[in-house]
Number of protein chains: 2
Amino acid sequence: MDSTALRQLLGGRRLSPAQRRIARYLLEHPQEAAYLGTVDLAERVGVSQASVTRFAFALGFETFPEFRAAVRSLVLTPTTNGPAEELNEIQLLVETEIRNLRSLRDGLADLGPLREAAGALAASQPLPVLGLRVSAPLAHLFGYFAAKAHLDVRVLDCPGSLMEDGLLRAVDAGADWALAFALPRYPREMRDALTFARRVGLRTVLVTDQPINPLTEHADLVLTAPVSSHFAFDSHAASTVLCSALLHAMLAALPKERQASLDAFEAMAAQREVFVAD
Amino acid sequence: MDSTALRQLLGGRRLSPAQRRIARYLLEHPQEAAYLGTVDLAERVGVSQASVTRFAFALGFETFPEFRAAVRSLVLTPTTNGPAEELNEIQLLVETEIRNLRSLRDGLADLGPLREAAGALAASQPLPVLGLRVSAPLAHLFGYFAAKAHLDVRVLDCPGSLMEDGLLRAVDAGADWALAFALPRYPREMRDALTFARRVGLRTVLVTDQPINPLTEHADLVLTAPVSSHFAFDSHAASTVLCSALLHAMLAALPKERQASLDAFEAMAAQREVFVAD
DNA sequence: TCATGTGTGAATGCGTTCATGCATGCTCTG
DNA sequence: CAGAGCATGCATGAACGCATTCACACATGA
């Protein structure tokens with residue numbers, strides 16, 4: 001199924017909000033687009049039936065059935081996609097990442113370690129999150145999401161004394177666990193931070209790429225996500241997903257009212273019109 | 001497409017000659033079977049329209065549309081009905097991401113848009129990189145890597161006037177393109193930033209999750225990476241990989257001596273003992 | 001503040017599709 | 001050869017899908 005052609009078909013014109021929603025739905029459900037009628041389509045998208053016919057017209061078709069016929073010829077192409085096409089260089093890069101994710105998936109068959117880490121982190125308040133250099137963005141991503149349900153997440157991305165200050169203040173405020181991201185390569189400064197954390201009484205969860213590397217011995221719990229370095233820049237899909245998984249497990253480990261506050265947070269954001277409605 | 005299931009559906013009952021002809025036609029044209037009406041189907045097979053409705057009834061369906069719906073669910077099923085192994089919740093999360101990456105991979109069969117974007121960004125000096133809220137970490141990740149080969153990358157993650165200041169300074173210094181990350185949901189402030197960028201003469205590459213959303217119309221080039229939101233926290237594996245792909249393409253678009261400087265950078269880091277040796 | 005244009009949903013009318021009754025032709029049997 | 005049983009095509013009424021109209025909400029600019 002070739003969604004790029006469909007994309008091209010839908011993308012050209014300037015569309016109204018409701019029409020964009022229709023286009024989006026069709027891109028996400030190209031199969032259904034081939035046979036759905038105006039009424040059913042309108043129902044699923046959540047717009048009026050009239051908007052659907054107008055949508056077809058806006059795309060340059062005389063009638064909706066005409067538009068649907070065009071979609072059919074795109075979606076139901078006579079199985080042109082030979083399965084064994086040559087993948088280009090970039091596709092190979094993605095393919096490598098897919099393998100990484102498969103490996104991560106298989107490694108998560110046993111949720112014990114993940115749940116243990118999630119429980120410990122969810123209970124620690126405040127929760128320091130460490131990430132240096134290339135791992136700093138990941139720490140911030142985690143922090144962004146975690147803050148929605150955890151009351152006091154503190155992302156520390158500056159090495160040395162600054163990080164030590166942050167750790168000390170966290171301990172004073174009652175923290176007993178910290179989370180550290182350390183993708184390859186392993187900054188010396190992160191090792192120092194981990195040893196410091198241990199010295200001030202913190203236990204640490206380390207997210208890294210190998211179960212045994214120069215940093216793991218300084219952590220109490222280690223979660224691993226494979227990283228491939230066959231291309232110019234290291235890949236981070238697996239660690240990003242592991243980050244999501246950890247958040248997911250943490251949410252489950254948090255008390256109910258905290259989980260509810262996440263929804264409240266979203267509702268509040270909508271009310272403040274932080275995001276563009278579509 | 002699995003024609004055995006269709007065969008099974010059509011084969012069971014005893015059918016009259018005309019009905020057999022209909023069944024045969026459907027087996028030979030399973031695609032059409034999904035959407036053809038009684039009249040068109042009757043026409044193609046060479047029987048009367050009434051025979052088609054009776055055909056559906058003979059197969060045990062109340063009405064013809066009902067029969068057609070059954071055919072659809074057979075013909076249009078995702079075919080590869082899964083590894084059927086029991087995956088736990090977290091593994092399902094990873095599985096979703098794998099699907100996202102596959103989708104991304106297929107979308108990258110045509111490298112035209114990616115190369116075009118990479119070429120434009122590589123040539124722009126300085127290069128402003130925009131990311132707000134949840135997209136800020138991604139912008140920083142990009143910035144971290146890009147800075148290794150590009151002389152002047154400026155990550156802007158604060159909305160409003162601060163971002164505008166950064167864009168203005170970049171334009172004054174000679175920038176003509178900007179890169180913006182906008183994963184869902186789409187901050188209003190990012191839309192403002194994009195319109196501002198256009199007003200001050202910048203063209204923009206937008207990395208987002210849908211080809212059509214409230215922001216795409218404000219960008220000159222759009223790269224899309226699917227994001228799934230079936231879990232509590234949005235996933236970002238695909239966008240992370242797309243970020244890597246873009247970096248990879250940019251590196252290829254940069255002059256040779258810049259690429260060499262990347263190696264020099266690494267060598268220097270090793271000499272400074274930034275990383276722990278393993 | 002009002003006027004204008006745009007976008008949207010509810011209601012309406014038309015055209016098509018589908019199901020059913022009826023007449024015809026075929027096949028098998030006495 | 002005659003009659004019953006079945007299959008098939010044609011014709012008609014009901015149901016459905018689609019396009020159009022109208023009224024209203026909203027944003028924009030004088």
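This is a predicted model, so every value here is computed, not measured. Below, chain A is the first sequence line, B the second, and so on; all start at residue 1.
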| field | Salt bridge flag under 4.0 Å for residues D157(B) and R133(B) | value | no
| request: Could you check which of dG9(C), dC18(C), dG17(D) has an atom nearest any side-chain atom of P65(B)? | output: dC18(C)
| query | V47(B) near the nucleic acid: base, sugar-phosphate alone, or nothing, with a heavy-atom cut-off under 4.0 Å? | reply | sugar-phosphate
| said: Tell me every residue that passes salt bridge (Lys or Arg N to Asp or Glu O under 4.0 Å) with D110(B), counting only those two or more places apart in sequence or in another chain. | reply: none
| query | Under the 3.5 Å rule, do the base of dG9(D) and the side chain of R54(B) count as making a donor-acceptor pair? | reply | yes
| Q19(B) CD - dA7(D) C1' separation (whole Å) | 9 Å
| query | Should the pair E217(B)-R20(A) be classified as a salt bridge under the 4.0 Å nitrogen-to-oxygen rule? | reply | yes
| query | With a 3.5 Å cut-off and no angle check, do the side chains of H236(B) and E97(B) form a donor-acceptor pair? | reply | no
| message | Taking the minimum atom-to-atom distance to the side chain of A50(A), which one of dT20(D), dC18(C), dT20(C) wins? | response | dT20(D)
| said: Under 4.0 Å, counting only non-hydrogen atoms across every strand here, what does R21(B) touch: a base, just sugar-phosphate, or nothing? | reply: nothing
| Closest listed nucleotide, where the reference is the side chain of Q49(A) and the choices are dA19(D), dA10(C), dG17(D) | dA19(D)
| So what does S51(B) hit on the nucleic acid, given a heavy-atom distance under 4.0 Å: a base, only sugar-phosphate, or nothing? | sugar-phosphate
